[in-house]
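Quick notes on the structure that follows.
One-based numbering along the sequence shown. The model shown is predicted, which means the values in this text are computed figures rather than measured ones.
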Amino acid sequence: MYHQVVIGTAVAAGVALLYMQHRRSHKVQTIPLGEGWWGAGEKPQSEDDNIYSFEVQTSDDEIKDLQERLDKTRYTDPLEDSAFEYGFNSIYLKQVASYWRHEFDWKKQVAVLNKYPHFKTKIEGIDVHFIHVRPSQQKNQKVVPLMLVHGWPGSFFEFYKILPLLTESHTDLAFEVICPSIPGYGFSEAPHKQGFNSLAAARIFLKLMERLGFSEFYLQGGDWGALITTNMAQMKPQCVKGLHLNMILSRRGFKVLLSLLIGPYLPFLVGLSREDARRLFPFFEKNVWTILRETGYMHIQATKPDSIGCGVNDSPVGLAAYILEKFSTWTDLENIHLEDGGLERKFSLDDLLTNVMIYWTTGSIVSSMRFYKENLSSNLDKRIDSRIFVPTGLAAFPGELMHCPKMWAQIRFHNIVSYTMMPRGGHFAAFEEPQLLASDLIQFVRKVER
């Protein structure tokens, strides 16, 4: 009884404190666009603002070096019956490496990458890579500009399956799509100075859209792309006609705590649906223990990314294990119980290894990992105004690491036009379920355009 009273008093005090913090934080702040310089050395007086065509290339020497490294890989035997519970199972890893060495055709995949037009332009001292896909406009068809932003450990290639669904439409609506690579990822130059976070990326991408001649546009993102596009909407809301996200980050507060206390028993009283309750509870198991188990990489990358980066940047098999393990568990957490991690249930090895090769051939894994340190070295809630007022569409995929109910999302997003409980799919929505994501994005844009 004594313990119940103490716990009850602590919960009540916590609720009261969160309520007062919620009241005090109601004042809306603004985010200045600002300026930055991420190039090497001192900032020059002028900068080349031209846009140049770019083509992904490879060479026999590059492929030979990869093959020699694959041949010299040292493996560690897995524990018996451990599946993917300790990370990437080395028995299956040998199969992936063998396919990579003997069957994977990088030159063929380079041709696939070059299917869409690539460009580079220098912004704030660094070369920014992007693909720009224009639709073949049909009669009476409206074309709207759209930027798609990837996350980690993905790349612009994640969007190759969704691009035809957006740009080759025969309906009344089609998209002119811009897919940039985050600076430090793939073919975008890495920042040469400390401090490059999502705000800096957002500012650079806004400048990119302005340079391309777009004054109004839509945004879509997941993972880091969700944070970057949200920052873009906060910096220049007058330019962002709509924001569509497949990873939803809400704020903590009184409503969230209240729904966690009452939701498991009477979800409808605190604005939760049955599906919300199914995805959220038991809360400790699904949102605390699972997150602790799956975010060890984040703690490393947010503190000492260069240390672990030395290893994965030098070993192609190590790099593949590190990246592809995320495509296993972040697609479906139950995949840790499978010997092959369930990787080929939703993806082909050609597609998975193409994404790995973008990191390998550009040597960008370390700079991509540094993005965690730059973003997580300060409190995100204190760094920016966390309220968003542009029209917003949210797609909640069941395999996402954390579920955010609409009621929670409304604390941060004040103009939710569309919130969809997706029937299947995980963290890499565009890569895994392109048709589902495209359909939800299209219906959202149609609602906004009306």
Side-chain angles (χ1 to χ4, degrees), residues 66-67 69-104 152-154 223 278-302 304 307-357 359-360 365 369 397-403 423-429 431-433:
L66 170 68
Q67 292 175 341
R69 290 170 185 262
L70 291 173
D71 289 339
K72 294 178 180 178
T73 302
R74 292 193 306 171
Y75 295 91
T76 301
D77 292 336
L79 296 174
E80 295 178 3
D81 304 318
S82 61
F84 263 55
E85 294 177 15
Y86 285 73
F88 206 111
N89 188 289
S90 59
I91 294 176
Y92 180 61
L93 184 59
K94 290 178 183 178
Q95 297 175 28
V96 173
S98 176
Y99 181 88
W100 198 358
R101 173 65 175 84
H102 300 289
E103 298 180 58
F104 179 76
W152 187 90
D223 195 83
R278 188 188 71 79
R279 295 186 185 187
L280 279 175
F281 305 114
F283 186 78
F284 186 85
E285 176 186 333
K286 293 187 176 182
N287 295 276
V288 179
W289 166 241
T290 297
I291 295 304
L292 287 174
R293 186 187 70 197
E294 295 300 330
T295 55
Y297 80 98
M298 184 189 299
H299 296 282
I300 295 173
Q301 293 177 191
K304 303 292 178 65
S307 296
I308 184 67
C310 290
V312 291
N313 192 51
D314 188 60
S315 166
V317 172
L319 179 67
Y322 196 66
I323 289 177
L324 298 186
E325 186 263 329
K326 305 308 177 196
F327 281 87
S328 167
T329 52
W330 293 359
T331 298
D332 186 342
L333 291 171
E334 293 301 312
N335 283 343
I336 65 169
H337 305 302
L338 302 176
E339 293 292 335
D340 63 355
L343 273 172
E344 295 177 73
R345 291 185 173 188
K346 287 292 182 74
F347 310 110
S348 72
L349 285 182
D350 278 346
D351 285 345
L352 291 169
L353 290 172
T354 297
N355 182 66
V356 173
M357 285 293 287
Y359 282 89
W360 175 255
I365 187 63
M369 291 159 61
F397 284 85
E400 187 56 87
L401 285 175
M402 291 188 70
H403 175 63
R424 63 185 181 275
H427 186 73
F428 303 98
F431 206 36
E432 181 187 351
E433 295 289 350

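- Of all heavy-atom pairs spanning Tyr75 and Ser90, the tightest one is CD2-O, 4.4 Å.
- Atom CG of Asp340 is separated from atom CG of Asn89 by 9.0 Å, given to the nearest 0.5 angstrom.
- The two residues Thr290 and Glu285 come nearest to each other via the heavy atoms OG1-O, 2.8 Å.
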Applying side-chain contact (heavy atoms from CB on, under 4.5 Å), run through Val312 and Ile323 and close with a yes or a no.
CA-CA 9 Å; Val312 291; Ile323 289 177; over 6 Å; no
Using side-chain contact (heavy atoms from CB on, under 4.5 Å), reason through Glu432 and Arg345 one step at a time and then give a plain yes or no.
CA-CA 10 Å; Glu432 181 187 351; Arg345 291 185 173 188; over 6 Å; no
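- Nearest heavy-atom pair across Pro153 and Tyr359 is C-OH, 3.2 Å.
- For the residue pair Ala83 and Leu338, the shortest heavy atom distance occurs at CB-O, 3.5 Å.
- Counting only distance, with no hydrogens or angles, the side chain of Ser315 and the backbone of Gly311 share no donor-acceptor pair below 3.5 Å.
- Atoms CG and NZ, from Leu401 and Lys326 in turn, are 9.5 Å apart once rounded to the nearest 0.5 Å.
- Side chains of Leu352 and Phe431 form a contact here, defined as non-hydrogen atoms less than 4.5 Å apart.
- How far CG of Leu324 is from CG of Leu319: 8.0 Å, rounded to the nearest 0.5 Å.
- By the 4.5 Å heavy-atom criterion applied to side chains, Thr329 and Arg293 are not counted as neighbours.
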After noting the C-alpha distance and the side-chain angles of Tyr99 and Asp350, does the key distance pass the side-chain contact (heavy atoms from CB on, under 4.5 Å) rule?
CA-CA 9 Å; Tyr99 181 88; Asp350 278 346; 2.8 Å; yes
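- In this structure, Arg424 and Pro398 approach most closely via the heavy-atom pair CA-CG, 3.6 Å.
- Salt bridge Lys346/Glu433: present, at least one basic N to carboxylate O contact under 4.0 Å.
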Kindly indicate, with the supporting measurements, whether the criterion side-chain contact (heavy atoms from CB on, under 4.5 Å) is fulfilled by Asn335 and Ser328.
CA-CA 6 Å; Asn335 283 343; Ser328 167; 3.5 Å; yes
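- For Tyr297, the ring pair (Phe, Tyr, Trp, His ring centres under 6.0 Å) criterion is met by Trp152, Trp330, Tyr372, not counting sequence neighbours.
- One N or O on the side chain of Asn287 and one on the backbone of Leu280 form a donor-acceptor pair closer than 3.5 Å.
- Counting only residues at least two apart or in different chains, salt bridge (Lys or Arg N to Asp or Glu O under 4.0 Å) contacts with residues 307-322 comprise Arg69-Asp314.
- A search for ring pair (Phe, Tyr, Trp, His ring centres under 6.0 Å) contacts involving Phe88 returns Phe84, Tyr92, not counting sequence neighbours.
- With rounding to the nearest 0.5 angstrom, the CD atom of Glu400 is 9.5 Å from the CG atom of Leu333.
- The CZ atom of Arg278 sits 9.0 Å away from atom NE2 of His403, with the distance rounded to the nearest 0.5 Å.
- Closest non-hydrogen pair, Ala320 versus Trp100, comes out as CB-CZ3, 3.7 Å.
- Taken to the nearest 0.5 Å, the OG1 atom of Thr354 stands 4.0 Å off from the CZ atom of Phe104.
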